[in-house]
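Indexing begins at 1, ligand by ligand and atom by atom, following the structure's order.
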Amino acid sequence: VEGTAERRADTLRAGFVQTVPRFGDLEGNLRRARELAERAPEFDVLVLPELFSTGYAFVDRREAEGLAEELTGPTCSWLRAVASERRGWVVGGFAERAGSRLFNSAALVGPAGEIHVYRKIHLFDREKDLFDAGDAPFAAIPIRTERGTVLVGLMICFDWFFPESARSLALDGAEVLLHPSNLVLDKCQGAMPTRCLENRVFAVTANRSGEDDRGPLRIAFTGRSQITAPDGAVLASAPAEGEATEVVELDLAAARDKHVTAGNDLLADRRPDMYRTAR
Ligand code: ACM
């Protein structure tokens, strides 16, 4: 990863906002998320859920297209405004229109308007009918904070189910995984300690709660947004229902030392030549 020669930060104030969006109410959802973000204590990076401005349960691709936006659209403008106002990085999910393609994306926006976009690689269930799968590999992103530079990695919701997601980001140097989510399954919160332990990284999973009731299509979400440490400890956990905002100061030394024992470095000890699926 380039751009990391400068001072590395020792700590990162990282947090999540857990929302309960109303499907299709872009303006109302952004207004409410703004109120919640404004309540957050000072942060270096704040994570909002997947598709937090639109809601999740699009009935078909046409409906998703109608609510999709480009990087100049209302959701990315919202992220820019909050990042600038709060002098921190803000990441959240949105339906991204790119020509005739449609992605389930997350934009990470910095206080000076810097922007990085991740397009969800592992689409969940019906999402395959709605979105195109992400077209760029997992990559660590250096973000500059007033305390120095930190390497973060973006993944979205169901990406958690594929250990390769977190592993690829860790191998690329990511110290903190930023994980906007709309979790439907209830197993991710229990799995993230393992993802963090096996990669010695932190993770901030920002989930939504409530449900999208679209007539015959009804999808409920599991809340319990979570911040997880490299030793598998859960540093913060939101309730299953309702809204929540949490910010935790992360000690990044824990993510930079990849030793498991004095004689084992979990990245150096990998044996890719023995892994038949490692390509
Ligand atoms: C999910 O990937 N939103 C379940």
Discussion item. Treating Ser181 as the side-chain partner and Leu183 as the backbone partner, does any N or O pair qualify as donor plus acceptor under 3.5 Å?
Written reply: no
Salt bridge present between Arg208 and Asp212 (N-O < 4.0 angstrom): yes
If you scan protein heavy atoms around atom 1 (C) of ligand 1, the nearest is Cys157 SG, 2.9 Å
#### Entry: Main-chain N/O of His259 paired with Asp257 side-chain donor or acceptor, under 3.5 Å
yes
Practice task
List the steps and the verdict of ring pair (Phe, Tyr, Trp, His ring centres under 6.0 Å) for Phe94 and Trp78.
Solution key: CA-CA 11 Å; Phe94 69 110; Trp78 184 98; over 10 Å; no
for atom 3 (N) of ligand 1, nearest protein heavy atom and its distance come out as Glu50 OE1, 2.9 Å
| field | Val184, any N or O under 3.5 Å of ligand 1 N or O | value | no
Evaluate the criterion ring pair (Phe, Tyr, Trp, His ring centres under 6.0 Å) for residue pair His122 and Phe162; output intermediate values, then yes/no. CA-CA 8 Å; His122 302 101; Phe162 300 82; 3.9 Å; yes
Notebook entry, point to check: Can you check ring pair (Phe, Tyr, Trp, His ring centres under 6.0 Å) on Phe58 and Phe23, steps first, answer last?
Noted result: CA-CA 8 Å; Phe58 305 100; Phe23 185 87; 5.5 Å; yes
Near Lys120 (heavy-atom distance under 4.0 Å), the atoms of ligand 1 are 1 (C), 2 (O), 3 (N)
Does ligand 1 have any atom that is closer than 4.0 Å to a heavy atom of His122?
no
Within the 4.0 Å heavy-atom cut-off, what Phe158 brings close to ligand 1 is both
Atoms of ligand 1 under 4.0 Å from any heavy atom of Glu127, numbered from 1 in the order shown, are 1 (C), 2 (O), 3 (N)
